[in-house]
Each structure stands twice: as structure tokens, then as C-alpha cells.
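Take a look at the structure set out below.
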Amino acid sequence: MSPKSRLYTLVKAWKNKPFQEVRDACGQPWLGLSGEALEEHQSWSQRQTISNEPIFNAQGTKLTSSLFRPLLTATDTQLLRFFMEGLDTITYWYRSGRFIPGILPIPARHLASSDFIDALSDLILNLRLPVGLVTLGVHKLDDEDSIDSCVDGLLRLRRLGALIHLLDFAGTNTQIRWIEKLEPEGMHIEMGQFRVDGLPGEIVSLGQQFQAEIYAGNITLVQDLENASALGTNHIYGGLVMPPVSRHQMLHISDSRIAKAIFSLHPHKNQNGDK
């Protein structure tokens, strides 16, 4: 991706002007945009794209974060634009009174680019969000070179208050070395891979070894939920838990409703969904 692209030009324009809080038609504080950029932003904000996958605690009683799914399949030319939309969504929740951390997936190879890290840094700094609301979900960590090349960039972003998660953890040597080096705050495990052979013992032991929070994803069957419980995961998400929703719908998720849905399929002795 060229630094001279339209997206990089927009990012640098944000960096070189003072922060300005604007409000949308509903009176909510919004991003520091003006003119054509503001008009484009408001047009996007009115669309209710189903892009955000809710993540709950292991008991299904509390919404803990959200995964911004468009970034998982974004092309190189779409990556920064979708990242901006993900940040925009997190800001929308925060300005609406909900502290919902957003996980924004980024392929590991892009984190080796200093220009790309500069762009992400500028976007994150411009929003002035509280520490812990923005999480980078590193995925496609395929080889040893990906480890060393992206460490410096991730450490820069961590110093800005961004959290680091590893997506699609499968217990490979490359991933384990990366976890030992960076100590991410979260590890995401795709539960569908264990439906035939069950949980391998090394995955269970690795989950106990690292200090990171464990996220069980792609839970679409009751068996996935049982495997997630056996693994001792801290968070769960997937179609059985709740399908993706729009950012506006996320504001109105009832924790008790999702708890009742889960426990109706998988009884649990601590049914404390209602507050």
C-alpha cells in the first residue's frame, strides 16, 4: 500500500490539524471531522451494517467486547478504511455511554510497515479514547519472519493504549514464540476445529500456561460451548451465543437475554443473567 494513497493523505490531514469535536444530528459528540469528511462520515453512520460480533463472558451474562468482522476479509486497499470505520464504531459506543472495547483484526504482515503503523497511530491518537477500548487482533501470523517484523510496530501501538490480541490461536510453535515475546492480553481459539477429535491436551495446558484471557470463537454448536467450558475460556462468541449485529443494536443488547438463551441450551448452576 502506497503512503501516497488517498487514505494516507486523509490520515496525515487529521494529524496536522487540531482536534475538533463535532456532533451528529442526534447531538452526540463525534469524530474530529469537518466539511466533506464529516458529510461522508454522517452518511456512513446512518447505515446499519451488520458488522459487529458481540463477545460475552464465559457464563453469557455480560457483554465484554466486540469483534469488527469486515477487517477479517479486507483487501490491502480496504484495510485502513475499514480500520477507520471500526474506530468510528468504538467512538459511537463510547459517546453513547457504553464502554464496549472493539477488536480490530489486522494481518501480521502489515504491522511490519512503518508507514502503516504511523497511519494507525495517527488515527488512534486523534480520537482520544480511554485506554483499553481499542484492541488490535493480529491474525495470519504464518511464519517466523512475521514475529520479529511486527514486534516494534505493536509495541508502539501498545504505548498509545491499544491492547494486543492473537486471533486464530492453534498452538503452533510460531504462535507460542510470538505470545512469549509480546505477552498479548488475549488469545482467540476457533472452536470448530475440535468437533471431530475433541480438545487436544496441549491446547488445554497452553491455556493454563499463559496469562492472556482466552476467547472461544465460532461457537455454533452446543458441543463448541462444552469444549469452551472444558478449556476454561474467559470469553465466548459465535452464532450460538449471538450473531453479528449493527453498531446501534449493540447499544441495546440485554445481557440477561443472552444468558437465558445460552442456559436454555446448556444448563448451568449459576443462572444469574438478570440483574
Side-chain angles (χ1 to χ4, degrees), residues 50-60 63-75 79 82 86 101-111 135-144 146-147 150 154 163-245 258 261-262 265-266:
I50 308 301
S51 304
N52 308 282
E53 186 160 12
I55 301 176
F56 293 84
N57 64 351
Q59 294 75 37
L63 179 70
T64 59
S65 55
S66 173
L67 178 68
F68 189 66
R69 295 201 61 86
L71 277 168
L72 288 171
T73 55
T75 64
L79 204 57
F82 283 164
I103 301 171
L104 308 179
I106 298 290
R109 61 187 177 88
H110 287 282
L111 298 169
T135 298
L136 299 178
V138 181
H139 66 124
K140 299 182 180 178
L141 188 67
D142 300 324
D143 52 55
E144 293 290 331
S146 298
I147 299 176
C150 70
L154 284 172
L163 304 182
I164 309 298
H165 283 195
L166 175 62
L167 305 185
D168 300 325
F169 177 73
T172 65
N173 291 333
T174 298
Q175 292 176 327
I176 293 173
R177 180 167 170 251
W178 189 88
I179 290 173
E180 291 173 342
K181 193 163 189 174
L182 268 175
E183 298 182 352
E185 286 79 15
M187 296 161 39
H188 294 240
I189 301 177
E190 201 276 331
M191 300 307 295
Q193 61 186 305
F194 306 123
R195 289 169 187 163
V196 176
D197 300 323
L199 288 174
E202 57 269 23
I203 288 287
V204 177
S205 61
L206 283 173
Q208 298 169 347
Q209 176 182 347
F210 299 114
Q211 298 299 315
E213 296 272 285
I214 302 177
Y215 291 71
N218 192 29
I219 293 180
T220 55
L221 302 176
V222 173
Q223 180 186 358
D224 299 333
L225 196 60
E226 293 171 346
N227 284 338
S229 177
L231 187 60
T233 56
N234 306 103
H235 309 267
I236 55 176
Y237 61 97
L240 181 63
V241 182
M242 181 175 284
V245 298
I258 183 61
I262 287 181
L265 293 169
H266 189 69

Mind checking the [atom1]-[atom2] spacing from [X] to [Y]? Nearest 0.5 Å is all I need.
{"X": "Leu154", "Y": "Trp178", "atom1": "CG", "atom2": "CH2", "answer": "6.0 Å"}
{"X": "Ile50", "Y": "Glu53", "atom1": "CD1", "atom2": "CD", "answer": "12.0 Å"}
{"X": "Gln211", "Y": "Ile179", "atom1": "CD", "atom2": "CD1", "answer": "12.0 Å"}
{"X": "Ile164", "Y": "Ile103", "atom1": "CD1", "atom2": "CD1", "answer": "11.5 Å"}
{"X": "Ile219", "Y": "Glu190", "atom1": "CD1", "atom2": "CD", "answer": "10.0 Å"}

Tell me, do [X] and [Y] make a side-chain contact under 4.5 Å, heavy atoms counted?
{"X": "Phe82", "Y": "Ser51", "value": "no"}
{"X": "Pro101", "Y": "Thr64", "value": "no"}
{"X": "His165", "Y": "His188", "value": "yes"}
{"X": "Leu141", "Y": "Arg177", "value": "no"}
{"X": "Leu199", "Y": "Met191", "value": "yes"}
{"X": "Ile189", "Y": "Leu231", "value": "yes"}
{"X": "Asp224", "Y": "Leu240", "value": "no"}
{"X": "Leu71", "Y": "Leu79", "value": "yes"}

Can you name the closest pair of heavy atoms from [X] and [Y] and give their distance?
{"X": "Phe194", "Y": "Asn227", "value": "O-ND2, 3.7 Å"}
{"X": "Ser66", "Y": "Asn52", "value": "OG-CB, 3.4 Å"}
{"X": "Pro54", "Y": "Tyr237", "value": "O-CB, 3.3 Å"}
{"X": "Leu167", "Y": "Pro105", "value": "CD1-CB, 3.8 Å"}
{"X": "Ala108", "Y": "Cys150", "value": "O-CB, 3.8 Å"}
{"X": "Ala228", "Y": "Ala216", "value": "CB-CB, 3.7 Å"}

*Judged by atom type as modelled, is there a donor-acceptor pair below 3.5 Å linking the side chain of Gln175 to the main-chain atoms of Asp168?*
yes

*For Asn234, enumerate each residue passing the side-chain contact (heavy atoms from CB on, under 4.5 Å) test, keeping only those at least two apart in sequence or located in another chain.*
Glu213, Ile214

*Tell me, please, which residues at least two apart from Leu163 pass side-chain contact (heavy atoms from CB on, under 4.5 Å).*
Thr135, Glu185

*Partner residues of Glu180 under the salt bridge (charged side-chain N to carboxylate O under 4.0 Å, His left out) criterion, sequence neighbours left out*: none

*Take the angle between the ring planes of His235 and Tyr215 and call it parallel below 30°, perpendicular above 60°, tilted in between.*
parallel

